[in-house]
Amino acid sequence: MNIFVANLNFKLQEDELLDLFENFGEVTSAKIIIDRETGRSKGFGFVEMDNDDEANSAIADLNGQEVHGREMVVKQAEERPRRERRF
DNA sequence: ACTGAGCGT
(Lines give C-alpha, C1' and ligand atoms only; values in the text may rest on other atoms or scores of the structure.)
Protein backbone atom coordinates (compact mmCIF):
# COMPACT_ATOMS: atom_id res chain seq x y z
CA MET A 1 0.00 0.00 0.00
CA ASN A 2 1.31 3.41 -0.95
CA ILE A 3 1.08 6.01 1.76
CA PHE A 4 1.33 9.73 1.20
CA VAL A 5 2.95 11.73 3.98
CA ALA A 6 2.87 15.51 3.90
CA ASN A 7 3.41 18.59 6.06
CA LEU A 8 6.71 17.17 7.18
CA ASN A 9 9.34 19.29 8.75
CA PHE A 10 12.14 20.00 6.31
CA LYS A 11 14.63 18.71 8.80
CA LEU A 12 12.98 15.30 8.72
CA GLN A 13 14.88 12.72 6.77
CA GLU A 14 13.97 9.39 5.25
CA ASP A 15 15.49 7.41 8.08
CA GLU A 16 13.26 9.08 10.66
CA LEU A 17 10.20 8.64 8.50
CA LEU A 18 11.07 5.00 8.00
CA ASP A 19 11.52 4.57 11.72
CA LEU A 20 8.16 6.16 12.45
CA PHE A 21 6.31 3.73 10.24
CA GLU A 22 8.37 0.73 11.25
CA ASN A 23 6.82 1.05 14.68
CA PHE A 24 3.56 -0.12 13.16
CA GLY A 25 4.82 -2.85 10.88
CA GLU A 26 7.07 -3.83 8.05
CA VAL A 27 7.96 -0.96 5.74
CA THR A 28 8.85 -1.81 2.18
CA SER A 29 10.25 1.60 1.37
CA ALA A 30 10.20 5.15 2.65
CA LYS A 31 11.07 8.09 0.47
CA ILE A 32 11.21 11.82 1.02
CA ILE A 33 10.75 13.91 -2.07
CA ILE A 34 13.77 16.11 -2.61
CA ASP A 35 13.62 19.23 -4.71
CA ARG A 36 15.82 18.72 -7.72
CA GLU A 37 16.69 22.39 -8.00
CA THR A 38 17.60 23.13 -4.41
CA GLY A 39 18.35 19.63 -3.21
CA ARG A 40 16.25 20.23 -0.12
CA SER A 41 13.22 18.39 1.17
CA LYS A 42 9.87 19.29 -0.32
CA GLY A 43 8.21 18.50 2.99
CA PHE A 44 6.39 15.41 1.88
CA GLY A 45 7.11 11.86 0.92
CA PHE A 46 5.84 8.37 0.35
CA VAL A 47 5.90 5.21 2.40
CA GLU A 48 5.13 1.80 1.05
CA MET A 49 3.95 -0.96 3.34
CA ASP A 50 3.31 -4.51 2.25
CA ASN A 51 0.78 -5.24 4.95
CA ASP A 52 -2.41 -3.24 4.45
CA ASP A 53 -3.59 -3.68 8.03
CA GLU A 54 -0.36 -2.30 9.41
CA ALA A 55 -0.49 0.48 6.86
CA ASN A 56 -3.98 1.50 7.92
CA SER A 57 -2.94 1.40 11.55
CA ALA A 58 0.04 3.59 10.79
CA ILE A 59 -2.14 6.03 8.86
CA ALA A 60 -4.75 6.20 11.60
CA ASP A 61 -2.17 6.74 14.30
CA LEU A 62 0.48 8.81 12.59
CA ASN A 63 -1.95 11.19 10.89
CA GLY A 64 -1.87 14.42 12.84
CA GLN A 65 1.07 13.27 14.90
CA GLU A 66 3.49 15.99 15.80
CA VAL A 67 7.01 15.28 14.66
CA HIS A 68 9.74 17.88 14.92
CA GLY A 69 7.12 20.42 15.80
CA ARG A 70 5.00 19.83 12.71
CA GLU A 71 1.76 17.88 12.51
CA MET A 72 2.24 15.57 9.61
CA VAL A 73 -0.52 14.50 7.28
CA VAL A 74 -0.72 10.80 6.51
CA LYS A 75 -3.13 9.38 3.99
CA GLN A 76 -3.28 6.71 1.37
CA ALA A 77 -1.50 7.81 -1.77
CA GLU A 78 -3.47 8.54 -4.89
CA GLU A 79 -3.57 5.97 -7.59
CA ARG A 80 -0.49 6.20 -9.65
CA PRO A 81 -1.36 7.49 -13.13
CA ARG A 82 -0.73 4.95 -15.80
CA ARG A 83 1.59 5.77 -18.63
CA GLU A 84 -0.93 4.49 -21.11
CA ARG A 85 -4.50 5.60 -21.00
CA ARG A 86 -6.66 2.86 -22.34
CA PHE A 87 -9.31 4.03 -24.75
C1' DA B 1 20.31 29.51 6.09
C1' DC B 2 15.67 30.13 4.23
C1' DT B 3 10.01 28.20 3.10
C1' DG B 4 4.92 25.55 3.76
C1' DA B 5 0.56 23.46 -0.42
C1' DG B 6 0.70 19.13 -1.75
C1' DC B 7 0.87 13.06 -4.71
C1' DG B 8 7.03 11.00 -6.35
C1' DT B 9 14.25 11.98 -9.59
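Protein chains get the first letters and strands the later ones, always in sequence-line order, with residue 1 at the start of each. Just so you know, these numbers use all the heavy atoms, side chains as well, and skip hydrogens, waters and symmetry mates.
- Every side chain to side chain contact (heavy atoms under 4.5 Å, CB included) that A:S29 has, sequence neighbours left out, goes to A:E48.
- Hydrophobic cluster membership of A:V73, counting Ile, Leu, Val, Met, Phe, Trp and Tyr whose side-chain heavy atoms lie under 4.5 Å apart directly or via other members: none, as it forms a cluster of its own.
- Listed by chain and residue number, A:K11 satisfy the side-chain hydrogen bond (donor to acceptor under 3.5 Å, both in side chains) test with A:N9 (two or more places apart in sequence, or in another chain).
- For A:F44, the ring pair (Phe, Tyr, Trp, His ring centres under 6.0 Å) criterion is met by A:F4, not counting sequence neighbours.
- Side-chain proximity of A:K75 to the nucleotides B:dC7, B:dG8, B:dG4 is greatest for B:dC7.
- Remark: A:F4, A:A6, A:N7, A:L8, A:N9, A:F10 in residues 3-23 of chain A come within less than 4.0 Å of DNA chain B through at least one heavy atom.
- In this structure, of B:dG8, B:dC7, B:dG6, it is B:dG8 that holds the atom nearest to the side chain of A:K31.
- Atom CD of A:E48 is separated from atom C1' of B:dC7 by 14 Å (rounded to the nearest Å).
- Rounded to the nearest 0.5 angstrom, A:Q76 CD and A:I59 CD1 are separated by 6.0 Å.
- Residues from residues 37-47 of chain A that place a heavy atom under 4.0 Å from any atom of DNA chain B, listed by number: A:R40, A:K42, A:G43, A:F46.
- Among pairs with a residue in residues 51-70 of chain A, those fulfilling side chain to side chain donor-acceptor pair (under 3.5 Å) read A:E16-A:H68, at least two apart in sequence or across chains.
- Rounded to whole Å, the distance from CD1 on A:I34 to C1' on B:dG6 is 15 Å.
- The side chain to side chain contact (heavy atoms under 4.5 Å, CB included) check on A:D35 picks up A:E37, A:T38, A:K42, with sequence neighbours excluded.
- In this structure, A:F10 shares a hydrophobic cluster with no other residue, the cluster being traced through Ile, Leu, Val, Met, Phe, Trp and Tyr side chains under 4.5 angstrom apart.
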